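Working notes, structure below.
Excluded from the calculations below are hydrogen atoms, water molecules and symmetry mates; all remaining heavy atoms, backbone and side chain alike, are included. Here, residue 1 is the first one in the sequence, and each next residue gets the next number. Keep in mind that what you see is a predicted model, and the values were worked out from it rather than measured.
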Amino acid sequence: MGDLIGSLWSAARSLDAQQFGLQIAGENIANANTDGYARRHAQFAEIASSAGDGGVAITGAAAQRDGFLEARMRAEE
């Protein structure tokens, strides 16, 4: 029974991570033409487990910025 519960928790964590990734993608699409918006990407990490009930963890959502464009915008201010 413990293996079943572990597998279900692993599946739940994976679904949460995928939902988070879809949310980030939706925000990127909705704000594609917004001035100053930086595209973000979801970051994940593996949860290793010897019992086989690992999965994936959300580690953050980092903004992707172009260093050249950022410097140019700061220079224009």
request  = Only counting residues at least two apart or in another chain, list the ones meeting side chain to side chain contact (heavy atoms under 4.5 Å, CB included) with A11.
outcome  =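 With neighbours one apart ignored, the set is empty.
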
ask   = Who are the side chain to side chain contact (heavy atoms under 4.5 Å, CB included) partners of A25, not counting sequence neighbours?
value = none

ask   = Taking only residues two or more places apart in sequence or in another chain, which ones pass side chain to side chain donor-acceptor pair (under 3.5 Å) with Q64?
value = R39, H41

ask   = Which pairs with one or both residues in residues 16-38 pass salt bridge (charged side-chain N to carboxylate O under 4.0 Å, His left out), sequence neighbours excluded?
value =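 Pairs touching residues 16-38 that pass the test: E27-R40.
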
query = Judged by atom type as modelled, is there a donor-acceptor pair below 3.5 Å linking the side chain of T59 to the main-chain atoms of Q43?
reply =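 Yes; at least one donor-acceptor contact below 3.5 Å.
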
Main-chain N/O of G6 paired with S10 side-chain donor or acceptor, under 3.5 Å =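 Judged by distance alone, no pair lies under 3.5 Å.
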
query = Which other residues end up in the same hydrophobic cluster as F44, if Ile, Leu, Val, Met, Phe, Trp and Tyr are linked when side-chain heavy atoms come under 4.5 Å apart?
reply =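 Cluster partners of F44: F20, I24, V56, I58.
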
